[in-house]
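Structure incoming, see below.
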Number of protein chains: 2
Amino acid sequence: MENSEKKFADSENCPVRNVLDRFGDKWSTLVLLVLDDTKVLRFNEIHKMIDTISQKMLAVTLKSLEADGLVLRTQYPEIPPRVEYTLSERGASLIPHIKSLVQWANANFEVITQSRAAYKK
Amino acid sequence: MENSEKKFADSENCPVRNVLDRFGDKWSTLVLLVLDDTKVLRFNEIHKMIDTISQKMLAVTLKSLEADGLVLRTQYPEIPPRVEYTLSERGASLIPHIKSLVQWANANFEVITQSRAAYKK
DNA sequence: TTATTAACTTACTTTTGGTAAGTCAAAGAT
DNA sequence: ATCTTTGACTTACCAAAAGTAAGTTAATAA
């Protein structure tokens with residue numbers, strides 16, 4: 001009984017689905033890249049670097065990255081509040097894989113843009 | 001004037017943003033993986049393999065992958081229609097990078113699931 | 001004449017994301 | 001003493017994206 005067609009079926013139990021769903025959101029990978037780039041950042045600093053993200057979405061993105069153990073959140077008991085975000089080791093271990101995607105993106109940006117333009121129909 | 005904070009700013013001109021936006025959708029990477037797995041597939045075959053995708057979303061996902069030149073579409077003049085989808089060379093060149101992400105996903109699936117469960121608050 | 005088939009569309013509903021304003025508590029300005 | 005500012009968020013409301021289910025097309029089989 002050949003069930004290779006079910007390999008990608010349900011996202012609960014499929015690691016591929018489960019994790020791609022995770023990074024297949026609009027902002028997670030970008031936040032990870034920014035944190036890798038600058039190491040320690042506060043909420044508003046990230047918001048400035050990715051200025052098209054809404055505060056709401058930055059908040060939920062950071063929260064789920066924290067829940068997944070990819071990002072560490074340190075809150076200082078000051079007022080106004082100060083919160084710092086960093087990559088965890090686990091988060092850092094993801095970065096090379098994302099960067100390999102990014103390299104491909106840079107290398108293929110032009111041709112893809114051209115294809116898109118030519119496609120129009 | 002330090003403008004490293006603008007590195008990820010606007011998605012029109014930033015390859016990273018542009019391409020991550022592209023694969024940061026819910027289905028594209030999964031469709032590419034399935035096509036890499038089975039090489040040639042018809043619309044309904046893909047739909048069976050990824051049974052949680054809607055026909056509508058499969059249609060728009062395939063269309064934009066085709067527009068980007070990552071997937072090739074071959075239509076045979078038959079009725080009922082027969083259409084076959086394959087990875088293009090460009091699409092195939094993306095696969096290793098996605099697979100490296102998938103390997104990380106498999107390796108970290110357990111701990112991430114545990115972190116998520118522990119996070120609850 | 002009606003049913004079937006594959007690859008989609010279309011109309012409609014639900015979910016997700018964006019916008020803008022609000023909250024909180026203390027320190028500084030008036 | 002009251003008002004303003006500050007940073008990291010929430011909340012309420014609205015727009016955009018994705019899901020659902022039914023419809024379209026044209027030929028062949030029943």
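A note on names: the letters A, B, ... follow the listed sequences, proteins ahead of strands, and every chain is numbered from 1. Just so we're clear, the structure is a prediction, and the values are computed from it rather than from any experiment.
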Side chains of Asn44(B) and Gln55(B): does their closest heavy-atom pair fall under 4.5 Å? yes
Rounded to whole angstroms, how far apart are CE on Met57(B) and P on dA18(D)? 5 Å
Roughly how bent is the helix from dT1(C)-dA30(D) to dT30(C)-dA1(D) end to end, in steps of 10 degrees, with each end axis from five pairs?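 Rounded to the nearest 10 degrees, the bend comes out at 40°.
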Mind checking whether Lys63(B) and Tyr119(A) have side chains closer than 4.5 Å, heavy atoms only?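 In short, these two side chains touch, coming nearer than 4.5 Å.
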Whole Å only: how far is the CG atom of Leu41(A) from the P atom of dA8(D)?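 Computing the Leu41(A):CG to dA8(D):P distance gives 11 Å.
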Protein proximity profile, nucleotides 23-30 of chain D - base contact B, sugar-phosphate-only contact S, no contact -, cut-off 4.0 Å on heavy atoms: ---BS---
Among residues at least two apart in sequence or on other chains, which ones pass side chain to side chain donor-acceptor pair (under 3.5 Å) with Ser28(B)?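 In terms of side chain to side chain donor-acceptor pair (under 3.5 Å), with neighbours along the sequence ignored, Ser28(B) is linked to Arg22(B), Asp25(B).
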Classify Tyr85(A) by what it touches in the nucleic acid, base, sugar-phosphate, or nothing, heavy-atom distance under 4.0 Å.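 Counting heavy atoms under 4.0 Å across all strands, the contact made by Tyr85(A) is with sugar-phosphate only.
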Once you round it to whole Å, what is the distance between C1' of dC9(D) and CD1 of Ile53(A)?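 So the two atoms are 13 Å apart, to the nearest Å.
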Taking 5' to 3' order, which nucleotide of DNA chain C is first and which is last to have an atom within less than 4.0 Å of a heavy atom in chain A?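 Nucleotide range with atoms under 4.0 Å of chain A: dG17(C) to dA26(C).
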With a 4.5 Å limit on heavy-atom distance, are the side chains of Leu62(A) and Glu66(A) in contact?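 A side-chain contact under 4.5 Å is absent here.
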Hits for side chain to side chain donor-acceptor pair (under 3.5 Å) against Glu78(A), two or more places apart or cross-chain, chain-then-number order -> Arg82(A)
Euclidean distance, atom CG of residue Leu58(B) to atom C1' of dA18(D) [Å, nearest integer]: 13 Å
Send over the distance from Lys48(A) NZ to dT6(D) C1', rounded to a whole Å. 12 Å
Qualifying residues under side chain to side chain contact (heavy atoms under 4.5 Å, CB included), relative to Thr113(B), sequence neighbours excluded: Phe109(B)
Could you check how far CD of Glu45(A) sits from P of dT6(D), rounded to whole Å?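 To the nearest whole Å, that distance equals 15 Å.
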